[in-house]
Each structure stands twice: as structure tokens, then as C-alpha cells.
*Asks:* 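Questions regarding the structure given below will be posed in turn.
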Amino acid sequence: MKVLGIAYGYHDSAAALVVDGALVVAAQEERFSRVKNDSAFPMRAIEYCLSFAGGVGEVDLVVYYEDWKEKFDRIVSSSFEHYPLGRGFLENALRIWVKDRKFDPLREIRERLVLPRRKVKAVKHHESHAAAAYYLSPFSDAAVVTLDGVGEHEVMTISHGDGDRLTKLVSQPLPDSLGLFYSAFTSYLGFKVNEDEYKVMGMAGFGEPRFFDKIRSLVAFQDGGRFTIDQRCFNFLTPIERSYNGWLEELLGPSREQDSPFFKEEVDAPAALGENQRYADIAASLQKVTEEIILHVAKGAMEMTGSSSLCLGGGVALNSLANGRLQRELGCPLSIHPASGDAGGAVGAALLGYKRFLKGDRRCSMDGPYLGKDYGDGFIEAAIASNPDCVACRYDDESELLDAVAEAIVSNEVVGWFQGRFEWGPRALGNRSILGNAAHPDMQEVINRKIKFREPFRPFAPAVLPHRSKEYFELAGEDFLEGPESFMLSVQKVRPEKRALIPAVTHIDGSARVQLVREEWNGRFYRLIKAVEAKSGIPIVINTSFNLKGEPIVTEPADAMRTFEWSDMDMLVMENWIVRKAR
């Protein structure tokens, strides 16, 4: 049985293919269109998925990730309830709806793919998140929590996963949305909503939570994991330009100017923050409040279901700081889908199609996060030939290749690493990565300023060999390979005695967003880190996404070559080729 799942229309459009319960391919449209967070109909991602299915005629079912009629009803009813303030919101929503959705995404899917009505279904938004979170987890019994901005009406759900059954127990509607709460502060702190929330997490490390009580006063906890948010400071129902108002600025002071520099001087030190220290403290306070809310919901879910394992879904599950705290304080096995945001809705929709509509009874599975497209030598050789200012050498012996790359890394060169199928989800996990020496104290600044051209406060992740990870990081539990660390979705403390050894991946607060590199998923990347370990004694490399600021992660060799050419990267590795710039 083959089921195609589709998510599009708001942000992070994507497609995924499930075959007999196994997720075999998934990709965001942005990787093909090169438009970051692309919301358009994901035709190229769909075509890629269909190439694995054998064509659209071989697909048994296509499932869309939300109930568009219910969502449209919410938009219209909210606008009229808050008229005349809601008029501009409704007009803007209608323009987007007409342009991008044509009022009926199921009809658009049928017309574009030439499918009969019976083959195209829809499920609800948070159902999709819950399905992706639970069915691909290692658990047969779990509390399942979804948290995001908003689906149709829902902003939070609690479900019980029990075998093949996924039963919703709690549904929390707008306006009490943790996702929109965090996004409102993202805008207040001068960043882009639905794109830069992770920058707030990076900024939080430079602050102290001295505004915690003020921000916490906006949230009230209720029984059963529910919560409410004081709406005096926000407009989550009919926002136009921003979702917070003057009340928030009265509470915390003026908002930060968009895209203003974080450091007052060109030095990487908290002393240079100036006025931005207040914003860093607000970010730290927001993060702490967010963690308190997630803990409250998770505890309620586990008490309600009686389950000792937890699955998280929705965009809020990408908050790696909160995930690390959940593991430490709840002490429970935690599973998070690598693309837990809206893109992952395509996966959840496909899984629900398999389980609900086709009555599939096999256990669902995912063999790692490398579900995108790969490119052979022809593409690589064409990319190399397009740049006469580069010198390329092919290595037929992998050990010689890895030795040369490891030597470059321990010699403090910055390496672009391109291999195999690209990753599913927002994290580069060793197939489309920029790598560096975790032991070099200046490497974070070098990559941020000269390669990524981005804010200097942004930390990089340590990619580490699992069997040595607990020597360097305070990981919770024993079965951590089944947890979010395999997808770079959990922040853990670096052991104090190791921080001086790996300064380039240790954030200012002593933490790191860990990636455990599993040999069975990515053998070549694992062996590269082993080669670095043999030369330096340290089983870790810096891993950050292979892209320039404002761009999606590179997809094909031509993207990699262009990024290499436009940056100060020292070496580019594409499969068996090593490329350097002509001196």
C-alpha cells in the first residue's frame, strides 16, 4: 500500500511517501525551489516522492494534512467576532487563500495530479502531528503531546498512543497558543516569525531570566495539562502585521528593531551587548516560561494516559532547550519526529492514510532521517566543471579520502560535506553539513562571520560518536539513541571538565545541541568522526547546515559548489571528490 502525504499552504510545504507503513521518502519543497520556508504547492517534492512510488497511478491514496474547511471557518468567524478590527485580517487572509489555496486544496491536488475524488482525503492538522510523533516512535504505549501555533482551531492536543490506536483526550483551541506566544516574542525581539524562533533560543543563552515573573504572569495553568494565556498583550485571532500590542511593550519595554546587530562592538563577549542585554534577558525569561508550560502539559499528559513514555509533535517540539529539560526533569523516554513542524504534517497525513483509510496493520517505521534525493557523479562532475577556479581530486579509496578530510578539520580548515540523500527536517545531520574543529576556540566565530554570514551568538552543534558521548555531555537515560539527540533536537549540558576541550560547540551557558551519529544510519559520517578522533583524541566535529544566511540548506552539487565559491570555506567534499580553490 502506497500513501502520499502532502502539506502546503502556510509554510514549510512538503511531501512524503509511506509504503506498507514504512516512511521511504520525504522532502520539503524549499529544497527544490530554493525559496526558504516555501509554502507553495509542493509539486517538485511530490514528483520526487512519486519517482519512488512508480508514478501517481501506483499510489493508493493521497492525504492532505488539515481540514481546510474548518480552518477557513475559524478565519471567517474570528474576523466577524472582532469586526471592525478583524476586517484587515480577513481581507489579507482571503487574498492568500485565493492565491495559494484556490479555496479547496483537495480539488487542487486532484487537478494537478489527475486523480479521482475517492483517492484524495484530508485529516486534521494536529492529528497529523500526533501520528508522525507516535507511529514512528519506538513506543507501543505513550502519551502524545502536540503543540504549535494553530491548526484548524486547535493549538494543543493530548492523545494516548496504545498499539495501533491513537486516541485524542484533550483539545485546546485558540487563542491559548504556546506556539503563537513564542512567535509573538520572536517578533518583539526583532526576528522573523515562523523562521527565526531558534535564534531566540540562541539569544537566551546570553541572558538571565530576570523578566520571568512578568512573562509568567501572562500564563495560568489548569488541570489536565491545559493552560490559558492573558490576551491583553496579544492578538492571536486576527493578527495582521504583528501579534503583540502596546501592552507587551508597557510590560517589558520597547521592542527590538528588526535585524539590528546583537553585539554593540565587533567582539564576541556579553560585555558588548549594551541595550541588547535586556533583550537577551527577555529571551532567557521567555524560554524558561516556555519550558514551564511544556513541562506542565507533558506531566498532565503522562498522568492522564498512565504512560511512562512521551512523544512530542508540532512546531514547539523543535525547541531543543525545552526537550533537554523534559528529559532531565521527567526522566522519561522521549521521542520527537525530526521534522515535527508543518512539514512533518505530510508524514503524519500519510501514516493516517495507511492506518485509518487503508486499514494497514504493519508497524510503521523510518530507517533514519536521510529521506531526500541523492545525486550521482554526473551532477558532481558537472558542478566541478562549471567552476574553473577550483581544483578537484577524486579518491577511490574511502580511507584515504577520510584521512585527508580529517586532517583538514584538525588543521582548523572549514569543510563543506556533501553526500548521499539530503536530510528530512530542519537540521543538517551529516549529509549536507559544514564541518569544523570543535577544539579550536575561534572556530565558531570563523564559521559564523566568514562562512554563514550570520549573528555571532548562534551556536553550532557537536556531532559525536555515541559510545563516547557521555564522556562529554550530561545525557539523560540509557536509551538515548532512541531520543531526540539522534536528530539534533535536544540541548544538554557539556560536562564542566570537558568545556575547555570543545569550546567551539559549547554555548556561553555551558550547553550544546548534541547530535549522536549512528553508524547504521550514516556510516561514512561516523567513520569520518572516527578518523578525526584518531588524529585529535576528540570524537566530535562541529556540524552546522550547509547554506549561507537566508538560504535553504543546499540540495544538489551545483548549490554546494556555489556556496563554496561565495564563502571562505577551505574544502568541499562531494561524495568521492575533494575540491579546493585554486591558489
Side-chain angles (χ1 to χ4, degrees), residues 14-17 19 22-28 30-32 34 44-45 47-49 51-52 338-339 343 347 365-384 392 394-406 408-409 415-435 461 463-466 486-488 515-532 541-547 552-564 569 571-579:
L17 180 70
V19 179
L23 177 62
V24 297
V25 59
Q28 284 185 228
E30 69 164 22
R31 302 299 286 272
F32 300 103
R34 310 307 300 156
R44 281 162 283 202
E47 289 172 347
Y48 170 57
C49 291
S51 70
F52 277 70
V347 169
S365 63
M366 178 183 72
D367 187 19
Y370 308 99
L371 300 170
K373 189 173 183 178
D374 62 356
Y375 294 84
D377 265 2
F379 286 92
I380 294 171
E381 291 167 6
I384 292 170
R394 180 184 171 88
Y395 287 73
D396 293 321
D397 185 318
E398 185 192 77
S399 62
E400 291 182 5
L401 173 83
L402 297 182
D403 184 75
V405 179
I409 290 173
V415 176
W417 180 259
F418 181 106
Q419 61 161 355
R421 298 171 66 180
F422 64 74
E423 299 89 339
W424 169 235
R427 310 294 185 217
L429 299 173
N431 278 11
R432 301 291 188 276
S433 294
I434 293 174
L435 309 177
V464 57
L465 300 176
S486 289
F487 305 124
M488 205 190 288
Q515 180 201 355
L516 301 178
V517 180
R518 298 173 61 166
E519 184 176 13
E520 67 271 26
W521 284 356
N522 198 332
R524 176 172 279 197
F525 191 38
Y526 181 95
R527 292 188 290 275
L528 173 64
I529 300 173
K530 288 279 288 183
V532 170
V541 298
I542 291 175
N543 182 10
T544 187
S545 58
F546 196 159
N547 63 295
I553 302 173
V554 300
T555 299
E556 58 181 279
D559 303 326
M561 180 62 76
R562 178 177 52 84
T563 302
F564 176 64
M569 210 177 299
M571 173 187 284
L572 171 60
V573 184
M574 293 190 288
E575 300 293 358
N576 297 326
W577 292 86
I578 289 181
V579 183

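Index from 1, following the sequence. Keep in mind it's a predicted model, so treat the numbers as computed, not measured.
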*Asks:* Can you confirm whether Pro552 sits close enough to Arg34 that some side-chain heavy atom of one is under 4.5 Å from a side-chain heavy atom of the other?
*Replies:* yes
*Asks:* I'd like to know if the side chain of Arg31 reaches the main chain of Glu556, judged simply by a donor and an acceptor atom lying under 3.5 Å from each other, with no hydrogens or angles considered.
*Replies:*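 The answer is no, because no donor-acceptor pair under 3.5 Å joins these two groups.
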*Asks:* Run the side-chain contact (heavy atoms from CB on, under 4.5 Å) check on Val517 and Ile529 step by step: do they pass?
*Replies:* CA-CA 9 Å; Val517 180; Ile529 300 173; 3.7 Å; yes
*Asks:* Considering all heavy atoms of both residues, which atom of Leu23 and which atom of Ala16 are nearest to each other, and what is their separation?
*Replies:* CD1-CB, 4.0 Å
*Asks:* Given the rule in the side-chain contact (heavy atoms from CB on, under 4.5 Å) test, do Phe52 and Val19 qualify, once you have shown the distances and angles that lead to the verdict?
*Replies:* CA-CA 10 Å; Phe52 277 70; Val19 179; over 6 Å; no
*Asks:* Would you confirm whether Tyr370, through its side chain, and Leu429, through its main-chain N or O, come within 3.5 Å as a donor-acceptor pair?
*Replies:* yes
*Asks:* For Phe418 and Phe422, I'd like to know if the aromatic rings sit close, meaning centre-to-centre distance below 6.0 Å.
*Replies:*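 Phe418 vs Phe422: aromatic centres not under 6.0 Å.
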*Asks:* Mind checking whether Trp521 and Asp367 have side chains closer than 4.5 Å, heavy atoms only?
*Replies:*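 Sidechains of Asp367 and Trp521: in contact.
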*Asks:* Identify the heavy atoms of Asn547 and Ile553 that sit nearest to each other, and give their distance.
*Replies:* CB-CA, 3.8 Å
*Asks:* Say whether, by atom type as modelled, one donor and one acceptor occur between the side chain of Gln419 and the main chain of Gly430 under 3.5 angstrom.
*Replies:* yes
*Asks:* Would you find a donor on one side and an acceptor on the other, under 3.5 Å apart, between the side chain of Gln515 and the backbone of Ser486?
*Replies:* no
*Asks:* Considering non-hydrogen atoms only, spot the tightest contact between Ala408 and Met571 and give its length.
*Replies:*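 The answer is CB-CE, 3.7 Å.
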*Asks:* Compare every heavy atom of Ala339 with every heavy atom of Gly425, then report the nearest pair and how far apart it is.
*Replies:*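 Nearest pair, atom of Gly425 first, then Ala339: CA-CB, 3.7 Å.
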*Asks:* Should Phe546 and Asp559 count as side-chain neighbours, where that means a heavy-atom distance under 4.5 Å?
*Replies:* no
*Asks:* Could you tell me if the side chain of Val347 sits less than 4.5 Å from the side chain of Trp424, heavy atoms only?
*Replies:* yes
*Asks:* Can you tell me how far the NZ atom of Lys373 sits from the CZ atom of Phe32, to the nearest 0.5 Å?
*Replies:*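 Spacing of NZ (Lys373) from CZ (Phe32) equals 6.0 Å.
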*Asks:* Say whether, by atom type as modelled, one donor and one acceptor occur between the side chain of Glu423 and the main chain of Asn431 under 3.5 angstrom.
*Replies:* yes
*Asks:* Would Val554 and Arg562 satisfy side-chain contact (heavy atoms from CB on, under 4.5 Å), going step by step from the backbone distance to the final call?
*Replies:* CA-CA 9 Å; Val554 300; Arg562 178 177 52 84; 5.8 Å; no
*Asks:* Before accepting this row, confirm whether a basic side-chain N of the pair Arg394/Asp377 lies closer than 4.0 Å to the acidic partner's carboxylate O.
*Replies:* yes
*Asks:* Rounded to the nearest 0.5 Å, what separates atom CD1 in Ile434 from atom OG1 in Thr563?
*Replies:* 7.5 Å
*Asks:* Of all heavy-atom pairs between Ser433 and Asn543, which one has the smallest distance, and what is that distance?
*Replies:* OG-OD1, 2.7 Å
*Asks:* Within a strict 4.5 Å, meaning less than it, do heavy atoms of the Val464 and Leu516 side chains meet?
*Replies:*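 SC-SC contact between Val464 and Leu516 confirmed.
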*Asks:* Do Leu435 and Val573 come within less than 4.5 Å of each other through their side chains, counting heavy atoms only?
*Replies:* no
*Asks:* Using modelled atom types and a 3.5 Å cut-off, is there a donor and acceptor pairing between side-chain atoms of Tyr48 and backbone atoms of Gly372?
*Replies:*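 Yes; at least one donor-acceptor contact below 3.5 Å.
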*Asks:* So, Asp403 side chain and Ala531 main chain: donor-acceptor pair closer than 3.5 Å or not?
*Replies:* no
*Asks:* Would you please test Thr555 and Arg432 for side-chain contact (heavy atoms from CB on, under 4.5 Å) and show each step?
*Replies:* CA-CA 8 Å; Thr555 299; Arg432 301 291 188 276; 5.6 Å; no
*Asks:* Work out which heavy atom in Arg421 is nearest to a heavy atom in Leu371; give both atom names and the distance.
*Replies:* NH2-O, 2.9 Å
*Asks:* Measuring from atom CD1 of Ile380 to atom CG of Asn576, what distance do you get when rounded to the nearest 0.5 angstrom?
*Replies:* 7.5 Å
*Asks:* Is the shortest side-chain heavy-atom distance between Phe379 and Met574 below 4.5 Å?
*Replies:*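 Phe379 does not reach Met574 side chain to side chain.
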*Asks:* Can you tell me how far apart CZ (Phe525) and CG (Leu402) are? Round to the nearest 0.5 Å.
*Replies:*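 So the gap between those two atoms works out to 11.0 Å.
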